[in-house]
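Residue numbers count from 1 along this sequence. Here the structure is a predicted model, which is why all the values come from computation and not from measurement. As the structure lists them, so they are numbered: ligands from 1, and atoms in each ligand from 1.
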Amino acid sequence: MNNLLVMKFGGTSVGSADRMRVAAGLAAQQAAQRPLAIVVSAMSKITDLLLDTMRHAEAGDAAGMAANLAALRSRHQQACRELLPPSQHEPVLAEIERLVCDFERICGGMAMLSVRPPRSVDEAVATGERLSALLVAAFLNSQGVPARAMDAVDLIVTDAVFGNASPLMAPTREKARTCLLPLLEQGIMPVITGFNAATADGRPTTLGRGGSDFSASILAAALDASELWIWTDVDGIMSADPRLAPDAVVLDEITYAEAAELAYNGAKVLHARTLAPLTDKGIPVWSKNSFAPEKRGTRIVPSSSASTGARAVTSMAKVALVSLEPASPELSGVHVMGRAMDALARVNVEVLGVSSSGYRGNFCFLVREDELERTEEALEGALALEFAHGYVKPPQVDSKVGLLAVVGEGMQGKHGLAGRVFTAISREQVNIIAIAQGASELTITIVVRRDGLEKAVRAVHRECEMGKAQGTTA
Ligand code: ADP
Ligand code: ASP
Ligand code: MG
């Protein structure tokens with residue numbers, strides 16, 4: 001299909017009836033000119049509310065559950081009443097009720113058994129996306145724009161890693177094309193749930209928090225779209241998180257690799273794996289502000305000839321540094337490191353950076369704080385004998401650290417840049433704990449004390465003159 005556009009609207013972009021109206025308007029404008037499929041997140045804060053409800057259920061807190069369910073119902077019922085003329089309320093309110101009751105039933109099961117199995121969480125947590133797809137599609141239809149709400153369980157096929165599944169592109173391509181192309185050919189706009197998917201045998205999965213960006217890129221690749229537009233609440237991808245660095249500027253253009261590094265190292269504006277499905281076909285992505293759609297946004301392209309130095313700085317506060325050291329130099333540090341990494345890979349812990357030093361064979365690595373427990377269990381299992389016999393010292397965990405990453409294709413060969421970055425951080429009296437640089441020289445990753453993280457981000461942003469790099473300040 002020629003010139004197909006995929007758009008994704010984030011939680012704030014569909015966060016109320018007013019925002020849904022704007023989103024539908026932006027979609028309708030494009031749909032008048034070209035085939036369009038849209039992917040929607042849950043209304044802002046709804047996913048947190050759903051997860052919280054399931055925690056109440058597991059803990060047997062019936063009052064907490066009931067209060068959350070009431071909030072869930074009223075937010076969507078209100079949006080329905082504000083969006084649609086009264087004559088169209090009934091079927092949509094009935095569908096909202098059906099979706100909320102399905103969710104309530106799963107929570108009831110969790111409450112009865114005092115468990116919260118990842119499989120059931122994945123089935124239940126996508127309720128937010130189902131509700132917003134329902135509302136946006138109903139509104140588009142009410143405006144005379146033919147649209148249909150679609151559940152991505154029928155479109156995206158993944159592995160069975162519940163909570164953080166990965167797409168299987170061949171079956172996804174087949175399913176997505178079979179279901180979506182006939183609709184698009186008839187001029188009907190699919191309004192697809194972001195965030196969720198299913199295994200080949202139909203078990204519901206999700207793609208990780210913030211995963212609607214990833215859903216949209218998976219579908220854009222599967223449908224051979226010509227572009228993907230990601231609508232969010234800032235003017236594009238910026239040289240730093242504007243909440244930390246007020247002088248951050250919007251980047252006009254960045255490469256896939258830069259965007260992926262930024263996202264991977266904590267820039268919430270994109271889900272970390274968004275660019276991966278697009279690389280083969282080089283589908284361009286725009287990050288745009290649904291609150292200021294007239295602004296240009298950031299274009300993310302496969303590669304760029306401009307060598308621009310350090311482009312952006314990002315950070316991640318909720319991380320922990322784990323250190324391991326053989327107790328005697330006879331035991332190979334590389335061997336211990338191999339076993340440790342293998343154990344972490346098997347339980348799907350993402351290692352954000354590794355740093356090692358030769359002689360004593362000690363090494364440290366960074367993981368997300370919420371994956372620390374799994375990390376410790378995996379190490380305990382894989383190296384049980386070594387710990388028991390004292391061949392490897394017990395792991396040391398430092399949770400009071402943060403990660404900062406400086407990203408830019410043009411950093412390669414820029415002499416003295418790393419030194420300037422370290423000096424700028426030290427000048428703020430922030431201790432540098434570990435440093436890692438990938439072989440691509442695209443990113444310098446620095447671990448600092450957590451209480452100095454924000455200061456360090458601002459210092460690096462200033463030192464590298466990132467605020468002057470491009471056009472408009474946010
Ligand atoms: P959505 O709900 O639209 O997916 P998110 O909240 O997931 O939006 O992501 C957008 C937010 O990402 C912005 O509001 C901003 O605070 C944050 N952010 C962090 N780093 C950056 C960055 N480098 N550029 C732009 N925004 C960033
Ligand atoms: N609603 C999901 C979340 O909050 C997915 C997304 O917003 O992208 O994580
Ligand atoms: Mg997001």
Using a plain distance cutoff, I'd like to know if K8 has any nitrogen or oxygen under 3.5 Å from a nitrogen or oxygen of ligand 1. yes
Could you check whether any heavy atom of A240 sits closer than 4.0 Å to an atom of ligand 1, since that is the contact criterion I want to use? yes
Treating R116 as the side-chain partner and V121 as the backbone partner, does any N or O pair qualify as donor plus acceptor under 3.5 Å? no
If you measure from atom 11 (C) of ligand 1 to every heavy atom of D233, T314, V14, which option wins on shortest distance? D233
How far is atom 25 (C) of ligand 1 from its nearest protein heavy atom, and which residue and atom is that? G236 O, 3.4 Å
Ignoring angles and geometry beyond distance, decide whether I237 reaches within less than 3.5 Å of ligand 1 through its nitrogen or oxygen atoms. no
Considering non-hydrogen atoms of the protein only, which is the closest contact for atom 2 (O) of ligand 1, and what is the distance? G11 N, 3.1 Å
For residues N68 and R73, is any side-chain donor paired with an opposing acceptor at under 3.5 Å? no
Enumerated ligand 2 atoms positioned under 4.0 Å from heavy atoms of F195: 2 (C), 5 (C)
Go through ligand 1 atom by atom and flag the ones less than 4.0 Å from a non-hydrogen atom of V234. 13 (C), 14 (O), 25 (C), 26 (N)
Are any of the N or O atoms of S13 closer than 3.5 Å to those of ligand 1? no
Which distance, rounded to the nearest 0.5 Å, do you find between the CD1 of I96 and the SG of C101? 12.0 Å
Shortest protein heavy-atom distance from atom 7 (O) of ligand 2, along with the residue and atom involved: S41 OG, 3.4 Å
Which atoms of ligand 2 sit under 4.0 Å from any heavy atom of R209? 3 (C), 4 (O), 9 (O)
Looking only at protein heavy atoms, which one is nearest to atom 23 (N) of ligand 1, and how far off is it? M238 O, 3.0 Å
Going by distance alone, is a donor N or O of one side chain under 3.5 Å from an acceptor N or O of the other, for D61 and H56? yes
Which protein non-hydrogen atom lies closest to atom 27 (C) of ligand 1, naming both residue and atom, and how far is it? V269 CB, 3.7 Å
Of the options V40, V153, D102, which is the one that meets R130 in a side-chain contact (heavy atoms from CB on, under 4.5 Å)? V153
Is it true that E463 and R427 have a side-chain N and a carboxylate O under 4.0 angstrom from each other? yes
Of the protein's non-hydrogen atoms, which lies at the shortest distance from atom 6 (C) of ligand 2, and what is that distance? S212 OG, 3.3 Å
For atom 15 (C) of ligand 1, the option (of D241, I254, T232) bearing the nearest heavy atom: D241
Below the 3.5 angstrom mark, is there an N/O of G208, backbone or side chain, next to an N/O of ligand 2? no
Hey, is ligand 2 close enough to T47 that some N/O pair sits below 3.5 Å? yes
Does any N or O atom in K8 lie less than 3.5 angstrom from one in ligand 2, N or O only? no
Honestly, for H271 the part within reach of ligand 2 (heavy atoms, under 4.0 Å) is neither
State the NZ-CZ distance between K318 and R450, to the nearest 0.5 angstrom. 8.5 Å
Whether G211 lies under 4.0 Å from ligand 2, heavy atom: yes
Starting from atom 6 (O) of ligand 1, which protein heavy atom do you reach first, and at what distance in Å? K268 NZ, 3.0 Å
Under 4.0 Å, counting heavy atoms only: does G210 come that close to any atom of ligand 2? yes
closest protein heavy atom to atom 17 (C) of ligand 1 is R243 NH2, 3.6 Å
Any side-chain to backbone donor/acceptor pair from S132 onto S41? Under 3.5 Å, distance only. yes
